[in-house]
Amino acid sequence: MAAQVSVIGYRDDRGLLLVPRTPFRAGEPVYRAQAATIKEVLGLKEDKRHGAYIGLLAGHDVPVYLDINTMVQKHVSILAKTGGGKSYMAGDLIEEFMKHHVTTVILDPHGEYASLTEKGKHAAGAERFRVEPRSYSELIQVFSPDTKVNSSARPLKFTLSNLDARDILSLTGSAKVRAHLTALRKALDLLRQATKDYTIRDVIRVLEREEDPQNASLIDELEYLSEVEIFAKEGTRIDELVVKGKTTIINLKGVPPDIQELVVNRLATAIFELRKVGRIPPLMVVVEEAHNFCPQVGQVASSKVFRTLASEGRKFGLGLVIITQRAAKVDKNVLSQCNTQVILKVTNPNDLKAIIASVEGLTTAMADEIQRLPIGVAICTGGGLQMPIIVEVRPRETKHGGESVKVIED
Ligand SMILES: Nc1ncnc2c1ncn2[C@@H]1O[C@H](COP(=O)(O)OP(=O)(O)OP(=O)(O)O)[C@@H](O)[C@H]1O
Ligand SMILES: [Mg+2]
């Protein structure tokens, strides 16, 4: 029988991990490591007070904890192909954040996270993880720009008066930004002289009064914006949205992509500004489908703010959890700042390349392993871990909202 061995190292008297200088002697006995030895050599600490319990070391009953302070200070990425288990894993992390009273905001494009309020059910074989199903409904609030689609959510609205003509035009997706800028600016100036609270309807009315045929397509675009109903005289207050120790889900289901980008941009910018001056508590911002909000190629409304958050968030206690199925398509400036990485199954060669380039200390064997990881197994690095390790992701306490949908029922 043959086996392959890779040397991790040993702990010296000072507790430092060292690699042996001399080769092993032929014929030496080999032992199966006990949990205590594994914990010591890998440096796994069971720090329940500061740690997020994410699962068990693969093949062992050794629990793995990621340090929550490290995650907030140095950001997290969760990377896998579609259906790889990213949202499931993110749910685990968010449950741990709630358990530790970490203030969290989730940008949820598909409305998958409201199920954190519902108690989960356990599959057979889940006992070894020692996780009890529970609900976190008392810690969760849900907001949405579209309360027609998401009827149980509280409305999320913005005040128009904070936006200038260019912001508004970038929202409309109008190709004729230049042509419309002057007309819109003039209309806004006029309104501002009269009042602080104006609506898109008011802007349209002013433009219509001009009776300039050139304004027709601008008016069309604004009509579209006014139908989406994200503006109101009284915007949602950020300190109502971000509440110490609570988790706020921004449910963007049913909201058109261009409006999602605007909403995310406005929110992220406001959260950063208020955090800088200490008006809201330190927090974690979870970004699902991050390739849409901070893409590597091209510019969307929220591109800039995520670069700023990734590079400066640390100083203000504002952490990001970046989730994507296309690692290669997320802004490198953002992804490279994520020091804690959770990697599930990835097969796309470009994404693999992007991931391998960004993980320190990943062995070639582990890099190969990424393509073969079964659902529910992750490679984790950072987060206080001393080296990349393979983890069997723990079952959820709450219901997972992103179940794959079957076309044909069982
Ligand atoms: N650790 C796990 N244990 C058991 N089931 C899991 C686990 N992780 C994922 N699954 C299951 O796999 C399926 C896909 O998981 P998930 O929704 O998290 O994928 P995803 O990576 O977020 O996909 P997408 O990119 O499409 O959003 C779900 O049905 C989920 O229940
Ligand atoms: Mg998902």
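The model shown is predicted, which means the values in this text are computed figures rather than measured ones. The first residue of the sequence shown is numbered 1, and numbering continues consecutively from there. All ligand and atom numbering here is 1-based and tracks the order in the structure. For the numbers below, each heavy atom of this structure counts, side chains included, while hydrogens, waters and symmetry mates do not.
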Mode of K81 contact toward ligand 1 - side chain, backbone, both, neither (heavy atoms, under 4.0 Å): backbone
Protein N, O or S atoms less than 2.8 Å from the Mg ion (ligand 2), ignoring waters? S87 OG
Atom 15 (O) of ligand 1 sits nearest the protein heavy atom G85 CA, 3.6 Å
Looking at atom 5 (N) of ligand 1, what's its closest protein heavy atom, distance included? Y88 CE1, 4.0 Å
For D220, enumerate each residue passing the side-chain contact (heavy atoms from CB on, under 4.5 Å) test, keeping only those at least two apart in sequence or located in another chain. none
Scan D92, I343, L93, T324 and name whichever one has a side-chain contact (heavy atoms from CB on, under 4.5 Å) with I78. L93
Atom 14 (C) of ligand 1 [closest protein heavy-atom partner, distance rounded to 0.1 Å]: G83 O, 3.6 Å
Quick check against the 3.5 Å criterion: does H75 have a side-chain atom that pairs as donor or acceptor with the backbone of L320? yes
Taking N or O atoms only and a 3.5 Å limit, does E112 qualify as a polar contact for ligand 1? no
Residues in side-chain contact (heavy atoms from CB on, under 4.5 Å) with Q73, at least two apart? N69, R314
Considering only non-hydrogen protein atoms, determine which one is nearest to atom 30 (C) of ligand 1 and report residue, atom name and distance to 0.1 Å. H400 CD2, 3.6 Å
With a heavy-atom distance limit of 4.0 Å, tell me whether S87 approaches ligand 1 through its side chain, its backbone, both, or neither. both
Residue and atom name of the nearest protein heavy atom (relative to atom 12 (O) of ligand 1), distance in Å to one decimal: I375 CG2, 4.0 Å
Please list the nearest protein heavy atom to atom 26 (O) of ligand 1 with its residue and the distance rounded to 0.1 Å. T82 OG1, 2.8 Å
Tell me whether the centres of the aromatic rings in F158 and F231 are closer together than 6.0 Å. no
Would you kindly check if the NZ (Lys) or CZ (Arg) of R192 is within the cone defined by 45 degrees around the ring axis of Y198 and under 6.0 Å from the six-membered ring centre? no
Is there a polar contact between ligand 1 and G84, counting only N or O atoms under 3.5 Å apart? yes
Among protein heavy atoms, which lies nearest atom 29 (O) of ligand 1, and at what distance? E403 OE1, 3.0 Å
Atoms of ligand 1 under 4.0 Å from any heavy atom of G376, numbered from 1 in the order shown, are 1 (N), 2 (C)
How long is the gap from OG on S144 to NZ on K157, to the nearest 0.5 Å? 8.5 Å
Which residue supplies the protein heavy atom nearest to atom 13 (C) of ligand 1, what is that atom called, and how far is it? S404 OG, 3.7 Å
Scan the side chains in residues 273-281 for donor-acceptor partners under 3.5 Å anywhere in the protein, sequence neighbours excluded, and list what turns up.
from	atom 1	to	atom 2	distance (Å)
R275	NE	F316	O	2.6
R275	NH1	I280	O	2.5
R275	NH2	F316	O	3.3

